[in-house]
There are 2 protein chains.
Amino acid sequence: MTVWDRPEPPNRPVPLDRERIVAAAVALADEGGLEAVSLRKVAARLNAGPMRLYGYISTKQELFDLMVDEVHAEILPEEQPGDWREALRILAHRTRQAALRHEWLADLLGGRPTLGPNGLAVTEARLAALDGLADVDTAMRAVETVSAYSTGSIRREIANLRAERATGLSKRDWQRASGPHVTRMLATGRFPALAKAVYDGADVDAETSFATGLDWVLDAVAAKLARPSA
Amino acid sequence: MTVWDRPEPPNRPVPLDRERIVAAAVALADEGGLEAVSLRKVAARLNAGPMRLYGYISTKQELFDLMVDEVHAEILPEEQPGDWREALRILAHRTRQAALRHEWLADLLGGRPTLGPNGLAVTEARLAALDGLADVDTAMRAVETVSAYSTGSIRREIANLRAERATGLSKRDWQRASGPHVTRMLATGRFPALAKAVYDGADVDAETSFATGLDWVLDAVAAKLARPSA
DNA sequence: CTCATGCCGATACACTGTATTTCTCCAGTG
DNA sequence: CACTGGAGAAATACAGTGTATCGGCATGAG
């Protein structure tokens, strides 16, 4: 009996696990944004049928949750510096950098509570930075405030980045000359303060803008740490 | 020739405009969240075919943009108080209240630049509050920082609210006892600071949490206004 | 009255998330 | 070794999506 008489052995299904699934989804999102992530495409990338994924997740939202947690692993620094301020600053900047690597993160940031292991670890790191420097309530408020600023700022940065990319113009040029709508609106005179800001304001790059606002918020936290109950 | 011999006059198509379209979309979103908004359903609510909408918008994203701008009209207060701090505080709180009325706003906040007339008016109001109190760059930074905090904080609040609603539990109970996953994670001892915060922390209501963080950020702004270039 | 034009609705398409049904292979059992 | 459950993967199915295209009809101008 020759080889050709025998049928090929059946293709055993590719072994799967959440790690592989999430990696495929992240890759797709990195390439084409969140909307490029469909269960069919994720499965296809793994040589599996779409329905197989439902053994590992029970809804597409859960896949997104896993993706977010996966990226949070990149955010955690190897070691924490002793200085609370430096620790919080680094965590915020690493979050921003992660969002620049994975722009879709901006769409998900703050959208759901982050309860995955890595997400919890990041929260832990934030809280740990303030350990012993304030009562728990103050620490909680500080962490929430810094986090809120970070996600809000990152979302705006990515939103602007996409807008600029869509028009192919730099932020300044876009506002000043080529954004016909904005120009027309400013010309109405109904937005004097805004017009002044657009025309007279220096255009700072996004990173320093993020850093400056962050420093302000950290200043506020520092002030509260000095007087724990305020 | 009797009435019955004559056919009914053809139903003239319902007159449409963006206002009506946006109102229908907002109503749909208020009832069932953003995902309940489909062009077909919006059109159906207006007794029109889905394709009619493309005369007024050219993409679904644009409909979302219009919805966001519509809500920004609710955010603008009738009159601005003289105090810059009160003005910024009120704007932030009104944004939050709008998001509580229209929870879907949280999904959109910060997602795209707000270039509609009402969105620009809100930005104008924020900038105007600081007019004369700082150079344009400082004012810009201040407005951006406060806005970033607001959107980040609002998003988190709505996210938590939905999570609580999904489990039917209060935030405290959810974290403490019934969130088996969180409880188990905290029990591992890998998140000591977080565990302490969850177990020893007072649970403040969302509004005061928002207000407190906002005050901190405003404190930081106040400090920079004192010394314009810092 | 006729004709052209613009707009509206119907149809079509490619795709989505997910429920359900069908099939195929393997582990146990007699 | 033959057979039979049962598990788990695959195929199919369904209701819905955003949007491109097409066909016809009502209304304006001449």
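From a predicted model like this one, the values you see are computed outputs, not experimental measurements. All heavy atoms count here, side chains included; hydrogens, waters and symmetry mates do not. All chains are named by letter (A, B, ...) in the order of the sequence lines, taking the proteins before the strands, and each is independently numbered beginning at 1.
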field: Length of the line joining B:Leu39:CG and C:dC13:P, which is rounded to integer Å
entry: 20 Å
task: Using atom OH of B:Tyr54 as one end and atom P of C:dG6 as the other, report the distance to the nearest whole Å.
output: 23 Å
- request: Give A:Val37 one of three labels, base, sugar-phosphate or nothing, depending on what nucleic acid heavy atoms sit under 4.0 Å from its own.
  value: sugar-phosphate
query: Can you find a side chain N or O atom of A:Thr59 that sits less than 4.0 Å from OP1 or OP2 on C:dT18?
result: yes
- request: Answer with yes or no whether the side chains of A:Glu74 and A:His102 bring together a donor and an acceptor at under 3.5 Å.
  value: yes
field: Length of the CD-P vector between A:Glu35 and D:dT19, whole Å
entry: 10 Å
task: Using the closest heavy atom to pick a nucleotide of DNA chain D for each, name whichever of A:Ala48 or A:Arg40 lands nearer the 5' end.
output: A:Ala48
- prompt: Is it true that a side-chain atom of A:Arg20 and a backbone atom of A:Leu46 form a donor plus acceptor pair closer than 3.5 Å?
  reply: no
Whole angstrom value for the distance that separates C1' of D:dC25 from CZ of B:Arg52: 15 Å
- prompt: Taking atom C1' of C:dG9 as reference, at what distance in whole Å does atom CG of B:Asn47 sit?
  reply: 14 Å
field: Taking every non-hydrogen atom, the tightest pair across B:Ser38 and B:Lys60
entry: CA-NZ, 4.4 Å
- request: Report the distance from atom NZ of A:Lys41 to atom P of C:dT18, rounded to the nearest whole Å.
  value: 15 Å
task: Quickly work out the B:Leu53 CG to C:dA10 P distance and round it to whole Å.
output: 14 Å
task: Specify the closest pair of heavy atoms between B:Asp137 and A:Gly201, including all atoms of both residues, with the distance to one decimal.
output: OD1-CA, 3.5 Å
statement: Whole-Å distance, B:Leu16 CG to C:dC7 P, equals 14 Å
Proximal nucleotide (of D:dT12, D:dA9, D:dT21) relative to the B:Met51 side chain: D:dT21
